[in-house]
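Here is the structure we will look at.
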Amino acid sequence: MSTIQDFSGYTPSWCPGCGDWGIGIAIKTAFSQLGYDPSRIMVVFGIGCSGNMNDFLNAYAIHSLHGRALPNAIGAKIANHQMPVVAIVGDGDCYGEGGNHFMHACRGNHDITVVVHDNGVYGLTTGQVAPTAQKGFKSKSTPSGIIDTPINPLTLALTQGASFVAQSFAGNVNHVIEMIKAGINHQGFSLVNVLQPCVTFNKINTYQYYLKHSYKLEQQYNKEDFNEAVKRAAEMTLQDKFPLGILYQIQRPTYTASLPQLSAGTLLEKKRYTEYDKLIGDFK
Amino acid sequence: MKFTWKIGGEAGFGILTSGLVFSKIANRLGYFTFDYIEYPSLIRGGHNALEVVVSDEEVHALKQDIDFLVCLNEDTYKNHKHRLSGNAFVLYDPEEFSISENKRQKISVPFKKILSDLKGQPVMKNTIAMGATLAVLGSDLGILNEIIERQFIHKGQEVVDFNRQFAALGFDFIVKNFKANIKPLMPKKAGDETFVMTGNDAFSLASIIADCRMYCAYPMTPSSSVLTTMASWQDKAGIVVRHAEDEISVINTALGSSFMGARSAVGTSGGGFALMVESISFAGIAEMPIVIFLAQRAGPATGMPTWTEQGDLLFACFSGHGEFPKIVLAPGDIREMVKLTVKAFNLADIYQTPVIVMSDMYLSESHKSIKQQFLTSLINEYKIDRGETISELSNSQLSTSNKYLRYQITEDGISPRLIPGVKGQFYQANSYEHIEDGHTTELAESRKNQVDKRNRKNQTYLKTHFEAPSVYGNLEESDSVFVGWGSTMGSILEAQKVLNAKARKTAFIHFNHIYPLAREKVEPLFKDKKRYILVENNSQGQFGQLLMMQTGIEIKEKILKYDGRPFWPEEIADHIINNT
């Protein structure tokens with residue numbers, strides 16, 4: 001049985017009070033509670049304050065380029081679909097630079113868990129707006145306030161075919177743990193969007209803000225109801241209301257489960273193919 | 001014996017398929033072929049043409065004269081008549097257009113009437129033309145009938161028979177009306193068994209031979225047929241092929257699989273390659289093996305998608321920000337494509353860095369004969385070499401605290417690469433600069449140590465796996481020496497034959513290990529005072545620049561072509577003759 005300590009690498013360099021501390025603890029706790037050890041899990045990090053977790057978390061890992069963690073995760077899963085694969089990314093990283101990859105990862109139902117640190121700003125580059133920044137948000141790159149409306153990651157994931165969509169809040173570590181565990185246990189593409197206050201650069205979306213504007217989905221909420229999920233997700237855009245919990249979860253064959261060539265084992269395990277004559281016939 | 005057969009017609013009417021059928025028949029009869037297609041970037045409309053050079057010796061390139069022209073429309077005649085040889089056969093339908101010139105052997109076949117009599121579809125004109133062609137060449141319908149069966153049997157015997165009758169009608173029409181014109185140029189002869197493959201086919205087959213398990217691509221002419229071929233083989237060969245959303249995802253998917261331990265490759269053309277470049281740099285610092293197939297077309301930007309050029313050489317060699325080792329190979333023909341592709345997969349694993357295999361439209365889409373014997377012996381001799389890829393650790397690979405050191409400083413620059421999943425260990429492949437165990441660093445000394453370590457892989461490669469260029473012809477005895485790289489090989493070899501026939505001895509230095517270049521292995525070939533002539537399918541003599549940069553050798557005389565067309569051997573030969 002592993003402990004949280006087994007997953008602890010270097011001491012994090014996040015700002016005191018940053019929401020990433022809560023997410024970091026939650027990830028390690030979730031891995032440990034699921035019974036993994038650092039040799040049995042694959043993590044792909046994006047670039048940003050979230051991605052800097054690469055040095056603080058022990059696991060087989062790729063510290064990818066900005067925006068490219070998802071295709072790396074997809075490729076890793078295709079090569080060894082028996083290894084759980086988690087992508088730890090930021091909102092600018094995943095919804096901005098890597099937005100195209102995000103949509104298509106949802107469609108493919110790739111069995112990866114994407115944990116997004118959603119703080120509305122680019123922390124590592126000193127606070128410019130992220131695609132999730134609220135309309136009018138003033139930053140160094142948008143001194144008069146951002147003209148664009150914020151992306152809604154939950155409606156985007158839902159409408160692009162994600163089979164698991166959840167939202168959590170870094171201020172409630174136990175809830176983040178539960179969502180990450182549920183996401184990893186889910187067979188298929190899972191999004192856990194974590195609302196994460198950036199204490200240094202975002203003075204609007206603070207802990208107090210999210211405590212006031214978020215609510216937990218009620219006990220009797222039906223997470224298989226697509227229309228209800230879209231409605232709840234849209235509340236973020238329409239009413240500044242942030243639902244927390246699993247908004248949507250359905251079973252649909254994963255990408256690797258849909259590949260007959262992987263039914264007998266992983267791509268790594270299979271024997272080398274040597275019946276070249278069968279291929280050469282095409283050229284006669 | 002050597003002749004060019006050419007067929008042309010409207011795009012979308014099966015011209016390209018017919019050309020391939022003709023190549024296959026010629027090969028099955030014991031001949032060597034080389035073909036070349038011309039088509040616009042359109043699916044319907046526009047003009048398509050395909051020519052096949054047939055010979056009883058190996059053919060390396062096109063020849064300028066057309067000896068047999070099959071015109072499925074008037075454009076074919078108008079566009080290509082200036083290339084007809086004196087006594088060429090011209091097959092056409094007088095109901096569609098007339099030919100006023102008299103010197104050709106005009107062979108009129110009522111394509112339209114045959115079609116309408118039997119209610120055939122326009123695409124079946126090809127089948128009539130193929131039957132007629134085989135009749136003029138004094139051949140029979142045996143092999144064609146077999147191919148038709150293979151092509152249509154899944155639709156039922158009736159469809160097979162329906163198609164075969166058009167071939168028979170074309171054939172019989174010639175026998176009945178043009179008996180005097182029949183010229184048995186292609187009697188069946190004994191010879192080694194050959195296949196017809198394009199450069200793209202050769203890359204695909206070689207990837208499977210090299211045990212590539214993951215191929216990822218986004219369609220882009222002229223690389224797309226690698227994607228479709230690999231996809232059609234994936235169930236049989238048990239590989240995974242992913243058509244991703246863009247080329248950025250393409251290369252990063254492959255890098256994810258590669259990190260996990262699966263041999264992985266991607267394929268694209270210039271524009272898609274441009275999108276991959278950031279991740280080539282990533283593979284360089286994180287030391288992840290990857291094979292990149294780059295089939296060039298005429299650029300820049302969208303350029304001329306279906307035409308050929310060698311315009312991306314320097315871009316490929318210097319692709320990726322920052323400094324890191326990279327290997328660029330450029331096969332000259334399909335044989336070299338097979339040999340260098342299987343080698344590329346070994347090099348990617350051994351040096352844990354990007355290896356680029358360069359092609360272009362001319363090599364990627366032209367079919368050429370390849371002997372079965374060549375493939376069999378290559379398959380038998382090929383050994384998969386994964387270098388320092390390991391799944392078990394020895395003590396020397398661990399730090400004092402028993403930690404695996406992914407980026408261990410070594411003399412040859414190569415650090416053992418552990419396949420993820422080994423119990424008791426973990427590590428990260430890091431796009432940031434890192435220390436030996438993979439953790440991020442910004443310390444001056446650690447940075448320098450890792451840069452030096454990665455750069456040492458270059459030196460190791462140049463000593464161990466770089467191959468000096470091949471020399472064709474006798475360097476000592478020749479005054480004129482061609483210098484080329486990649487797909488110009490065939491045209492230069494044929495040009496040498498043309499010149500040889502005119503008692504002009506030439507030599508040819510052909511590079512296929514393009515970057516980096518080992519100065520001491522290249523210099524001896526350039527030590528004499530000779531007339532060196534650089535031949536490149538681009539406007540800026542990019543290989544000449546690279547050679548100068550890497551070895552100090554400057555070639556002043558250049559034959560450069562950049563109109564989207566490959567070299568005619570004759571134009572290379574003429575350059576020598578006219579500029580003496």
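We name chains A, B, ... by the order of the sequence lines, and we start the count at 1 in each one.
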*So, A:Asp91 and A:Thr132: side-chain donor and acceptor under 3.5 Å apart, yes or no?*
yes
_Which portion of A:Leu259 sits near chain B, non-hydrogen atoms under 4.5 angstrom_ = side chain
*Classify the ring geometry between A:His186 and A:Phe164 as parallel (under 30°), tilted (30 to 60°) or perpendicular (over 60°).*
tilted
*Output the option from A:Arg68, A:Glu275, A:Arg40 having the highest count of non-hydrogen pairs under 4.5 Å with chain B.*
A:Arg68
_Residues of residues 20-32 of chain B near chain A, each having a heavy atom less than 4.5 Å away_ = B:Lys24
*Can you say whether B:Phe259 sits under 4.5 Å from chain A via the side chain, the backbone, both, or neither, judging by heavy atoms?*
side chain
*So what's closer than 4.5 Å to chain B heavy atoms on A:His81: side chain, backbone, both or neither?*
neither
*B:Ala286 versus chain A, the contacting section by heavy-atom distance below 4.5 Å*: neither
*Would B:Ser377 and B:Asn380 count as a side chain to side chain donor-acceptor pair (under 3.5 Å) if you check the C-alpha gap in whole Å, the side-chain angles of each, and the deciding distance to 0.1 Å?*
CA-CA 5 Å; B:Ser377 50; B:Asn380 291 337; over 6 Å; no
_Residue pairs fulfilling ring-ring contact (aromatic ring centres under 6.0 Å, His included) with at least one residue in residues 261-284 of chain A, sequence neighbours excluded_ = none
*asked:* Looking at chain B, which one of A:Val44, A:Leu65, A:Ile74 has the largest number of heavy-atom pairs inside 4.5 Å, strictly under?
replied: A:Leu65
*What part of B:Glu193 is in contact with chain A, defined as an atom under 4.5 angstrom from a non-hydrogen atom: side chain, backbone, both or neither?*
side chain
*Return the option, out of A:His104, A:Lys77, A:Arg272, A:Met103, with the maximum number of heavy-atom pairs under 4.5 Å with chain B.*
A:Arg272
*Give, as side chain, backbone, both or neither, the part of B:Leu418 having an atom under 4.5 angstrom from any heavy atom of chain A.*
side chain
*Got a sec, which residues hit side chain to side chain contact (heavy atoms under 4.5 Å, CB included) with A:Leu34, two or more places apart in sequence or on another chain?*
A:Tyr36, A:Lys181, A:Ile184, A:Asn185
*Let me know if B:Ile251 has heavy atoms under 4.5 Å from chain A in its side chain, its backbone, both or neither.*
neither
*With sequence neighbours excluded, what pairs up with A:Thr125 under the side chain to side chain contact (heavy atoms under 4.5 Å, CB included) test?*
A:Tyr122, A:Gln128
*Non-hydrogen atoms of chain A under 4.5 Å away: do they reach the side chain of B:Arg263, the backbone, both or neither?*
neither
*Using non-hydrogen atoms only, which part of A:Tyr255 is less than 4.5 Å away from chain B: side chain, backbone, both, or neither?*
side chain
*A:Pro260 portion near chain B, given a 4.5 angstrom heavy-atom threshold*: side chain
*So what's closer than 4.5 Å to chain A heavy atoms on B:Ile209: side chain, backbone, both or neither?*
both
